[in-house]
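Working notes for the structure below.
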Amino acid sequence: MERINIMSLVKPRETVTPADLRQICLRDVFAYVYRRVPRVEDAEDITAEVFALALNRIPSHVHEPKAWLIGVARRKVADFLRRYGCPTRPLLNDELTVEGPHSEVERRESAKHLIALVDELPEEQREALILQCADNLSLNEISVVMKRSVPSVKGLLQRARQTIYDRGSAYFLEHQEVQA
């Protein structure tokens, strides 16, 4: 079996087989795709395309293989959505665990408001924020995925957070006072 040298995947300078790469990154890549396409079957197909492409073309100089794979997935998802004009999945699952019916309504309302605030962000800010918060990527990984410098990603995240704070603080402070 062909070996791929992927620095910093498990340990520096350790070689990893394509099967190892798939096992280490499959869940994260699938989760990234699944959150962005309407059907599970579409997510499975796109994830398979990502790994088929990656196993044939992964550059030997990749230092962040998970981020590189998510970058490939990002382009595949964009192609899919452009081709089929499909809506994306909602950011959060409707099944929120809560303590009681009143609390459930409040949490759903707050979640909907927060999702609306995120959806209103400029595309690059929204993508950076989702990569960090939903996909749990580091700044370095986000910079690889978005093909931007780390300072540029920091700026996007700061502007996204500031916009959400500016637009949403009145709503959340008002609802916090009601609960108190």
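Quick caveat: nothing in here was measured; it's all calculated off a predicted structure.
Taking Asp166 as the reference, Gln162 meet the side-chain hydrogen bond (donor to acceptor under 3.5 Å, both in side chains) condition, with sequence neighbours excluded. In this structure, the side chain to side chain contact (heavy atoms under 4.5 Å, CB included) partners of Asp135, at least two apart in sequence or on a different chain, are Tyr32, Arg35, Arg36, Ile130, Leu131, Leu137. Applying the side chain to side chain contact (heavy atoms under 4.5 Å, CB included) criterion to Asp45, with sequence neighbours excluded, gives no partner residue. Under the side-chain hydrogen bond (donor to acceptor under 3.5 Å, both in side chains) criterion, Gln125 pairs with no residue, sequence neighbours left out. Partners of Arg75 according to the salt bridge (Lys or Arg N to Asp or Glu O under 4.0 Å) rule, which considers only residues two or more places apart in sequence or in another chain, do not exist here. In this structure, the side-chain hydrogen bond (donor to acceptor under 3.5 Å, both in side chains) partners of Asp79, at least two apart in sequence or on a different chain, are Arg82.
Applying the ring pair (Phe, Tyr, Trp, His ring centres under 6.0 Å) test to residues at least two apart or on different chains, the pairs with a partner in residues 109-137 are His113-Tyr171, His113-Phe172. Within the structure, side-chain hydrogen bond (donor to acceptor under 3.5 Å, both in side chains) pairs that include any residue of residues 145-156 comprise Glu124-Arg148, Arg148-Ser152 (at least two apart or interchain). Counting only residues at least two apart or on different chains, no ring pair (Phe, Tyr, Trp, His ring centres under 6.0 Å) pair has a member in residues 132-162.
Atom CD of Glu120 sits about 9.5 Å away from atom CD1 of Ile164, to the nearest 0.5 Å. Note: Ile70 CD1 to Lys76 NZ = 16.0 Å, rounded to the nearest 0.5 Å. Note that CG of Asn136 is 9.5 Å distant from CD of Glu141, once rounded to the nearest 0.5 Å.
Residues Cys25 and Leu69 approach most closely at CB-CD1, 3.6 Å, considering heavy atoms. Here the shortest heavy-atom pairing between Leu156 and Ala128 reads CB-CB, 4.2 Å. In terms of heavy atoms, Val144 sits closest to Trp68 at CG1-N, 3.8 Å. In terms of heavy atoms, Asp119 sits closest to Arg126 at O-NH1, 3.1 Å. Val150 approaches Ser143 most closely through the heavy-atom pair CG2-OG, 3.7 Å. Between Val33 and Ala43, the shortest heavy-atom contact is CG1-CA, 3.6 Å.
Connection of Tyr84 to Ile46 is established within a shared hydrophobic cluster, with ILVMFWY side chains joined at heavy-atom distances below 4.5 Å, either directly or through further cluster members.
Between Phe30 and Tyr34, the ring planes are parallel. Angles under 30° get that label, and only those over 60° would be called perpendicular.
Applying the 6.0 Å contact sphere to CD of Glu123 captures no more than 12 heavy atoms from other residues, nucleotides or ligands.
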